[in-house]
Each structure stands twice: as C-alpha cells, then as structure tokens.
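Beneath this line is the structure, given in structure tokens, with notes to follow.
Each chain gets a letter, A, B and so on, in the order its sequence line appears, and its residues count up from 1.
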2 protein chains.
Amino acid sequence: MLQVSRKFEYGLHAVTYLATKGLGRVVTVKEMADEMGFSQEFLSKAMQSLKRAGIAASVQGVKGGYMLGKSTDAITVADIAIAIEGEPHLVRCGVKADRCEIFSSCHHRGYMNTLQHKIQVLLAATTVHSLLKEVAG
Amino acid sequence: MLQVSRKFEYGLHAVTYLATKGLGRVVTVKEMADEMGFSQEFLSKAMQSLKRAGIAASVQGVKGGYMLGKSTDAITVADIAIAIEGEPHLVRCGVKADRCEIFSSCHHRGYMNTLQHKIQVLLAATTVHSLLKEVAG
DNA sequence: TGATAATAGGGTTAAAATAGTCCTGTTTAA
DNA sequence: TTAAACAGGACTATTTTAACCCTATTATCA
Ligand code: SF4
Ligand code: SF4
C-alpha cells in the first residue's frame with residue numbers, strides 16, 4: 001500500500017536532471033534515458049505529462065528535446081505527482097462515489113480525505129530547488 | 001498512486017465496528033460482513049491479520065468471533081495499516097534494493113524515505129478512539 | 001459423542017492497475 | 001528531403017490486488 005509509481009520516480013529524476021543542466025539547455029529523452037538507465041519509451045510518456053503540466057517545455061524537430069518550464073523553486077514534488085498521476089485519490093470513492101459499495105454508510109471518509117490533504121501538503125512542501133540542495137548539502 | 005487498499009479499509013471499518021460494540025462483546029465475521037456490506041471471506045483475511053498483530057482477539061468454535069485486543073486509544077491507524085499491509089515501502093527499493101535498477105545512482109532516496117516517515121507519523125497520530133470521536137462530534 | 005458454527009489458513013483464480021512496447025504522425029535542423 | 005526528435009494512440013505484458021474455494025481445527029451444545 002501507498003507506494004509511488006515508477007513513472008512518478010522517472011519523472012522526478014528527469015526533473016532534477018533537467019534542473020542540473022540549467023533552464024536553457026535542451027536535453028533529449030534518449031540522453032536522459034541513457035544517463036539514468038531506464039526505458040526511453042516509458043520516460044517519454046512521463047515527459048509528455050510533465051510538458052502538459054507546464055513543468056517541462058519541449059522543442060520539436062532535430063536538435064529538439066526538453067528543458068524545465070519553470071524555475072526550480074516554482075515546482076513542487078506535489079506538482080510532479082499530479083502531472084504524472086493525476087489528481088490524488090487516497091480512497092476509491094474520490095474517483096467516483098459508485099466505486100465504493102458502502103459509500104452511503106461509510107463513517108471514515110472524512111478522516112481519509114483530511115489525511116489525503118495532509119499528504120498533499122507534505123508533497124507540496126518540497127520544491128525541486130530544496131530537493132537539490134538537500135542532495136548537495 | 002497512493003491509494004489505500006480495500007483490505008485496509010475493510011480492516012479499519014471492522015475495528016471501528018468492534019469498538020462500538022465494546023471490548024467484551026464477541027462479533028462474528030458474518031455479522032460484520034452483513035452489517036457493512038462486504039465479502040465475508042475477504043474480511044476474514046483482514047481479521048486474521050488484525051489478530052496476528054494483537055489489534056483483535058479471537059474466540060474459536062461455535063459462539064466464537066472477534067473482539068478488540070486492545071483499548072481504542074492504544075490502536076492507531078498506522079497500526080492497522082501495518083497489520084494488514086505489512087511494513088510500508090513508499091519506494092520499491094525499500095522492499096529490496098535490487099527491486100530498483102538505478103539504486104546506486106539514485107539521488108532522491110533519502111527524501112523519499114523521510115517522506116515515508118512523515119506519512120507514517122500522520123497515520124500514527126490518529127487513534128481509533130480519536131477517530132470515533134471525530135465521527136460522533 | 002456427533003452435528004454444527006465458527007476461526008485459521010493454504011492455494012487458486014479473477015480483475016484491475018501498472019509498466020512497457022509498438023507504431024504512426026508531426027516538427028524542424030541540416 | 002532526410003533524419004532526429006517530440007506527440008500520442010493503441011496494444012501487450014507483468015504485477016498487484018481482490019476474491020473465492022476448500023480443508024483443518026476448535027469448541028459449543030443437543
Ligand atoms: S470505505 Fe468510505 S472512504 Fe473508503 S472508498 Fe468507501 S466510501 Fe470512500
Ligand atoms: S529510484 Fe531511488 S528511491 Fe526510487 S526505488 Fe529506485 S533507488 Fe529507491
């Protein structure tokens with residue numbers, strides 16, 4: 001229970017990688033996949049999600065690739081998670097009420113929702129900037 | 001990402017149900033499953049896990065069933081989660097290092113581990129006692 | 001003492017979510 | 001106009017979760 005997806009980890013690694021390359025520098029998916037050692041195709045999906053969320057920016061064509069779309073202190077871990085996994089739903093009724101058979105008689109939904117909110121606050125408390133400092137320091 | 005399992009929710013509901021029945025009262029899995037509207041067999045597995053963790057106590061034989069194994073303020077949501085899902089591992093390398101191909105070059109493992117710890121603190125902050133008060137109040 | 005109602009738990013199957021691949025299209029530098 | 005890259009839909013494989021089945025054990029009670 002409560003394990004992050006590989007896609008999220010790929011995305012987080014990619015963002016920190018782009019961050020170390022600086023805001024301007026364009027990096028290809030191939031370079032990142034080779035450097036970090038995971039599937040090019042799959043990382044590509046993660047990058048597309050990050051781009052749609054504005055976290056990454058892309059340049060098409062030969063010499064194209066990705067770069068950061070925002071400064072490192074404007075990107076939180078929560079942003080990356082939402083970009084890649086979509087809105088968080090700690091409980092299945094969050095996706096759609098009829099996903100749970102006992103929705104109407106459930107007494108702990110309120111608690112689970114505040115719990116989810118608190119987890120999001122944790123994720124939002126770390127920016128890519130602070131994450132990089134933590135690693136370096 | 002980050003969704004609790006059905007088994008955990010079954011367990012949480014069962015514990016609060018047992019709590020409202022009082023410490024002494026023995027309740028069968030059948031009664032709980034009927035009352036709360038989910039699979040008897042599956043709830044049974046959750047109860048077995050709760051029993052092994054000491055959260056529930058069982059009485060075998062005819063007239064047997066389950067009751068709480070501890071007082072409601074000695075059981076936290078974290079205890080229930082661990083009883084049912086085992087030790088939490090936010091990242092796959094927590095289970096076993098070789099579950100992740102990039103373990104040796106990973107720079108965000110430290111952050112992920114502190115994040116996991118913080119989530120556990122959140123879960124441990126709520127006792128069944130406080131959860132029941134929240135629902136009632 | 002035998003029938004019965006319950007927990008205990010191993011093993012298997014079904015369903016769902018995640019991870020990974022493939023293929024086709026579009027963009028653009030050279 | 002070729003080639004290298006992003007964009008993205010569709011598909012397949014793998015893994016995890018959920019559910020079910022079946023047998024054993026325990027203990028009440030007629
Ligand atoms: S048990 Fe309650 S919190 Fe969980 S999915 Fe169902 S309604 Fe939502
Ligand atoms: S990417 Fe890092 S944190 Fe995630 S599983 Fe691999 S080693 Fe662990």
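The separation between B:Tyr66 atom OH and D:dT26 atom P is 15 Å, rounded to whole Å. Atom-to-atom, CD of A:Gln40 to C1' of D:dC6 comes out at 11 Å; the value is rounded to the nearest Å. Per the geometry, CD1 belonging to B:Ile84 stands 11 Å off P belonging to D:dA18, to the nearest Å. Note: CD (A:Glu85) to P (C:dA19) measures 7 Å, nearest angstrom. Atom NE2 in B:His89 sits roughly 12 Å away from atom P in D:dT16 (whole-Å rounding). Distance B:Leu2 CG to C:dA17 P: 15 Å, rounded to the nearest Å. The distance between atom NZ of A:Lys51 and atom C1' of D:dG8, rounded to the nearest whole Å, is 11 Å. Separating the CZ atom of A:Phe42 from the P atom of C:dC22 is a distance of 15 Å, rounded to the nearest angstrom.
Between A:Ser5 and C:dA17 there is no side-chain polar atom (N or O) within less than 4.0 angstrom of OP1 or OP2. Contact annotation: B:Arg52 does not reach the phosphate of C:dT7 (side-chain N/O to OP1 or OP2, under 4.0 Å). In this structure, A:Tyr10 does not reach the C:dT18 phosphate: none of its side-chain N or O atoms is under 4.0 Å from OP1 or OP2. When the side-chain nitrogen and oxygen atoms of A:Ser58 are compared with OP1 and OP2 of D:dA7, one or more of them lie within a distance under 4.0 Å. Contact annotation: A:Arg6 does not reach the phosphate of D:dT15 (side-chain N/O to OP1 or OP2, under 4.0 Å). Side-chain nitrogen and oxygen atoms of B:Ser39 include at least one within less than 4.0 Å of the OP1 or OP2 phosphate oxygen of D:dC20.
Taking the nucleotide of DNA chain C with the nearest heavy atom to each of A:Glu41 and A:Phe8, the more 5' of the two is matched to A:Phe8. Nearer to the 5' terminus of DNA chain D, by closest-nucleotide assignment, is the contact made by A:Val27 (compared with the other of A:Val27 and A:Gln3).
Listed candidates were D:dA18, C:dT7, D:dT16. Nearest to the side chain of A:Arg92 is D:dA18. Distances from the side chain of A:Lys7 to the nucleotides D:dA5, C:dT7, C:dA19 place C:dA19 closest.
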Given the rule in the side chain to side chain contact (heavy atoms under 4.5 Å, CB included) test, do B:Val4 and A:Met112 qualify, once you have shown the distances and angles that lead to the verdict?
CA-CA 10 Å; B:Val4 302; A:Met112 293 307 287; 3.8 Å; yes

Could you walk me through whether A:Val27 and A:Glu35 satisfy the side chain to side chain contact (heavy atoms under 4.5 Å, CB included) test, starting with their C-alpha distance in whole Å, then the side-chain angles of each, then the deciding distance to 0.1 Å, before giving a yes or no?
CA-CA 11 Å; A:Val27 181; A:Glu35 188 71 26; over 6 Å; no

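For the pair B:Arg109 and B:Phe103, the cation sits on the ring face: its NZ or CZ lies under 6.0 Å from the ring centre, inside 45° of the axis.
Tested against B:Ile84, the residues B:Leu50, B:Asp79, B:Ile55 include a single side chain to side chain contact (heavy atoms under 4.5 Å, CB included) partner, B:Leu50.
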Pull out every protein N or O sitting under 3.5 Å from an N or O of nucleotides 26-30 of chain C, one pair per line with the distance.
from, atom 1, to, atom 2, distance (Å)
C:dT27, O4', A:Gln60, OE1, 3.1
C:dT27, O2, A:Gly61, N, 3.3

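Checking B:Glu134 against A:His108 by side-chain atom types alone, no donor-acceptor pair falls below 3.5 Å.
Checked for salt-bridge contact, B:Glu31 and B:Arg25 meet the test: a charged N lies under 4.0 Å from a carboxylate O. Between A:Arg92 and A:Glu101 there is no salt bridge, since no side-chain nitrogen of the basic residue lies less than 4.0 Å from a carboxylate oxygen of the acidic one.
Aromatic ring pairs are classed by plane angle as parallel below 30°, tilted from 30° to 60° and perpendicular above 60°; the pair B:Tyr10 and B:Phe38 is parallel.
In the interface, the side chain of A:Lys45 is paired with the base of D:dG9 through a donor and an acceptor atom under 3.5 Å apart. Side-chain N/O atoms of B:Gln48 and base N/O atoms of C:dG9 include a donor-acceptor pair closer than 3.5 Å.
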